[in-house]
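In what follows, a structure is listed as structure tokens, so that the remarks can point back to it.
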Amino acid sequence: MGAASSTGRIELLEDVRTSIGRIRGAFIDGQHVAASGPPLAVYDPSNGGEILSIRECDAALVDRAVQSAERAFRDGRWSKLRPADRERILLRFADVVESHIEELAQLESWNQGKSIHIARAVDAAGSVEFMRYYAGLATKITGQTFDVSIAVPPGARYTAFTRLEPIGVVAGITPWNFPLAIGVWKIMPALAAGCSIVLKPSEITPLTTFRLAELALEAGVPPGVFNVINGTGAIAGSALVSHPLVRKISFTGSTLAGKTIAKLAAENVTRVSLELGGKNPAIVLADADLNKVAPGLLMGGLFNSGQVCAAVSRIYVERPLFNELRDALAAGIKTMSLGPGLDPTAQINPLVSAQHKAKVERHIEAATAAGAQILLGAPSPSEGFYVAPHLVIGADPQNPIQSEEVFGPVMSLTPVDSAHEAIALSNASRYGLAASLWTESLTRGLQIVPEIQAGTVWVNSHVPLDPAMPFGGVKQSGYGREFGDKALEPYLETKSVCIAH
Ligand code: NAD
């Protein structure tokens with residue numbers, strides 16, 4: 001059995017501590033601005049200690065941030081730059097972020113609780129890759145030309161074409177699991193398209209977003225083009241998505257909040273894209289290679305302590321492989337050490353908050369009470385928001401652990417008699433974000449992929465993302481796609497131009 005990690009935490013860079021000293025609740029027109037709402041504490045999940053307390057933005061300050069972004073959009077300081085100049089500044093922004101990878105990674109690990117290795121490689125360095133991909137799209141915005149057939153007046157000739165124009169002020173809203181990376185997924189397409197953005201990070205994990213705003217300014221993004229407001233969904237978030245000057249909302253978070261936001265957006269007929277929750281299945285066929293499946297599922301399910309929207313949550317395995325897979329997964333989770341994200345030897349890190357830990361534990365208790373068999377990993381450290389990894393076996397399909405998003409280090413394992421049964425169980429969910437299929441047969445893989453109701457299907461892996469590969473959900477996992485060569489479309493309006501000649 002693994003043990004609580006004892007090596008200790010890495011020393012924080014001086015820049016990490018000084019950067020949080022500048023935060024005052026909002027970043028507007030290139031400056032930190034003091035918010036005056038109720039204090040919101042930001043915690044270190046590894047020990048429950050307070051990192052700092054930030055006041056919430058009220059509706060008046062949210063309005064100031066949106067008005068600033070609208071001014072920046074209307075005067076053309078960004079929206080009317082040559083595409084090549086926008087691209088150049090955004091590439092410089094990526095370079096500046098790249099030169100602060102360690103600082104950003106430490107900040108994220110400290111506040112979110114995640115492994116410093118993940119924070120460095122995925123949150124920080126991974127974001128730089130996404131930034132460069134999006135920067136390049138700034139010079140690839142193209143309309144179409146048309147041969148039109150308008151016949152009045154007789155003999156008239158027309159030429160028509162479309163222009164794709166930036167939509168205006170974007171409201172970006174991010175969750176607490178990957179604040180830096182998901183923030184980049186909002187900021188970069190908005191800025192590449194020529195929009196301005198007001199970004200609201202989760203009030204639980206706002207630190208890297210404020211640093212990102214400072215770095216954007218340093219790279220040459222003009223003041224007012226990228227503003228930040230901090231606060232809860234109920235106050236700052238609602239004020240932002242209801243603001244009449246916001247023309248597009250890009251939201252990543254829970255399905256519950258997404259539904260509320262879609263209703264608020266409807267009032268102003270504001271365009272919305274929703275990246276929501278998931279309850280992601282993995283289908284393991286009997287011909288799968290266990291040497292790939294077991295480590296792949298442990299990574300896909302326990303990466304970031306399971307706090308990943310696309311994480312493996314339900315595993316359906318054809319019966320001949322069930323015992324071997326159960327034993328391999330159980331052996332894996334039992335050897336994982338628990339400890340702070342800033343401890344490089346720790347493999348499983350705390351959950352983000354005491355409230356979230358309690359929610360995950362409620363799910364586990366309910367499954368246990370309903371008679372599911374639970375195999376669990378190393379004991380949790382005594383302080384901090386830890387939950388040991390769990391493998392739940394034999395839970396009823398109706399049990400919430402099989403149907404609700406748990407968002408923690410918990411996977412359920414269910415034997416099935418056929419691929420057909422696995423597909424039916426996988427699809428019997430209100431969610432449809434992502435799924436994986438494990439098989440050595442290309443033919444069976446290609447037959448099954450179209451049957452799976454999900455925005456992404458990985459074959460023989462689970463969870464890798466790439467900026468070239470569109471990502472998003474079906475059903476109650478949301479609508480719209482991020483990434484890919486069409487990633488700017490939601491941030492652009494199509495204007496038809498028809499010229500009589
Ligand atoms: P959440 O929905 O509670 O909060 C997300 C963000 O929305 C936060 O910034 C929050 O303050 C804000 N918010 C909440 N209510 C709001 C409202 N009424 N108006 C405006 N803003 C509001 O989600 P969370 O707990 O921070 O994150 C976990 C959830 O995010 C999980 O459900 C997870 O699946 C989802 N998620 C989805 C993706 C994806 O790409 N599909 C990625 C990461 C996380």
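First listed ligand is number 1; within each ligand, the first listed atom is number 1. Quick caveat, the model's predicted, so the values are computed rather than measured. Values below: all heavy atoms of this structure, side chains included; hydrogens, waters and symmetry mates excluded. For reference, positions follow the sequence shown, starting with 1.
- Ligand 1 places these atoms under 4.0 Å from at least one heavy atom of Thr252: 5 (C), 36 (N), 37 (C), 38 (C), 39 (C), 40 (O), 42 (C), 43 (C), 44 (C).
- Ligand 1 has no nitrogen or oxygen under 3.5 angstrom from a nitrogen or oxygen of Asn177.
- The closest side-chain heavy-atom distance from Arg9 to Trp110 is below 4.5 Å.
- At least one heavy atom of Ser238 lies less than 4.0 angstrom from ligand 1.
- Distance from atom 13 (N) of ligand 1 to its nearest protein heavy atom, with residue and atom name: Gly233 CA, 3.5 Å.
- When heavy-atom distances to ligand 1 are checked against a 4.0 Å cut-off, Glu203 comes that close only through its side chain, counted from C-beta outward.
- Using a 4.0 Å cut-off between a side-chain N of Lys or Arg and a carboxylate O of Asp or Glu, Glu214 and Arg211 qualify as a salt bridge.
- When every heavy atom of Gly183 is checked against every heavy atom of Leu199, the shortest pair comes out as CA-CD2, 4.1 Å.
- In terms of modelled atom types and a separation under 3.5 Å, the side chain of Gln307 and the main chain of Asn177 share no donor-acceptor contact.
- Under a 4.0 angstrom heavy-atom cut-off, Phe251 registers as being in contact with ligand 1.
- Of the listed options Phe407, Tyr431, Trp176, Trp176 places a heavy atom closest to atom 26 (O) of ligand 1.
- Few gaps surround CD on Glu218; more than 12 heavy atoms of other groups in view lie less than 6.0 Å from it.
- Using a cutoff of 4.0 Å between basic side-chain nitrogens and carboxylate oxygens, Glu275 and Arg481 are not scored as salt-bridged.
- Side-chain atoms of Ser436 and Val459, non-hydrogen and from C-beta on, never get closer than 4.5 Å to each other.
- Checked by distance only, ligand 1 and Phe471 stay at 3.5 Å or farther apart across all their nitrogen or oxygen atoms.
- Looking from atom 20 (C) of ligand 1 to the surrounding protein, the closest heavy atom is Gly237 C, 3.2 Å.
- A cation-pi geometry, defined here as NZ or CZ lying under 6.0 Å from the six-membered ring centre and within 45° of its normal, does not hold between Lys475 and Tyr431.
- Ligand-side atoms of ligand 1 in range of Pro175: 5 (C), 24 (P), 26 (O), 27 (O), 30 (O), 43 (C), 44 (C), range being under 4.0 angstrom from any heavy atom.
- The shortest separation from a heavy atom of Gly258 to ligand 1 is not under 4.0 Å, leaving the residue out of contact.
- Below 3.5 Å of separation, one finds an N or O of Lys200 facing an N or O of ligand 1.
- At the shortest separation from atom 6 (C) of ligand 1 among protein heavy atoms lies Thr174 O, 3.4 Å.
- Per-atom contact check: atom 41 (N) of ligand 1 touches the protein, criterion being a heavy-atom distance below 4.0 Å.
- Side-chain rings of His462 and Trp438 stay apart, their centers remaining 6.0 Å or farther from each other.
- Residue Ile261 touches ligand 1 through its side chain alone, judged by heavy-atom distances below 4.0 Å.
- Between Thr255 and ligand 1, a contact under 3.5 Å exists for no N or O pair.
- The residue among Gly253, Ala234, Ala236, Gly172 with a heavy atom at the shortest distance from atom 35 (C) of ligand 1 is Gly253.
- With a heavy-atom cut-off of 4.0 Å, Ile182 touches ligand 1 through its side chain alone.
- Looking only at heavy atoms of the protein, atom 1 (P) of ligand 1 is closest to Ser254 OG, 3.6 Å.
- Between Glu405 and ligand 1, an N or O atom pair is found at a separation short of 3.5 Å.
- Within the structure, side-chain hydrogen bond (donor to acceptor under 3.5 Å, both in side chains) contacts touching residues 118-131 (residues at least two apart or in different chains) are Glu102-Arg120, Lys114-Asp123.
- Side-chain contact check for Leu342 versus Ser46: every heavy-atom pair is 4.5 Å or farther apart.
- Residue Leu433 touches ligand 1 through its side chain alone, judged by heavy-atom distances below 4.0 Å.
- Closest to atom 39 (C) of ligand 1 among all protein heavy atoms lies Cys309 SG, 3.2 Å.
- Of all the heavy atoms of Pro201, the ones lying under 4.0 Å from any atom of ligand 1 belong exclusively to the backbone.
- Near Gly277, meaning under 4.0 Å from any of its heavy atoms, are these atoms of ligand 1: 32 (O), 34 (O).
- Considering backbone and side-chain N/O of Thr232, none are found under 3.5 Å from N/O of ligand 1.
- Annotation: Trp78 is not in aromatic contact with Phe73 [ring centroid separation under 6.0 Å not met].
- Counting only heavy atoms from C-beta outward, the side chains of Asp44 and Asn111 never approach each other to under 4.5 Å.
- Heavy-atom contacts from other residues, nucleotides or ligands closer than 6.0 Å to CZ of Arg55 number more than 12.
- Within a 6.0 Å sphere centred on CD of Glu267, other residues, nucleotides and ligands contribute 12 heavy atoms or fewer.
- Inclusion of Ser477 in the set of residues having an N or O under 3.5 Å from an N or O of ligand 1 is not warranted.
- Listed by number with element, the atoms of ligand 1 under 4.0 Å from a non-hydrogen atom of Thr260 are 18 (N).
- Considering Ile173, Asn230, Leu264, Thr205 only, the shortest heavy-atom separation from atom 21 (N) of ligand 1 involves Ile173.
- No donor-acceptor pair closer than 3.5 Å links the side chain of Lys279 to the backbone N or O of Ser403.
- The residue among Ser202, Pro206, Ala257 with a heavy atom at the shortest distance from atom 15 (N) of ligand 1 is Ala257.
- Note on Glu404 versus Arg362: no salt bridge recorded, every NZ/NE/NH1/NH2 to OD/OE distance being 4.0 Å or above.
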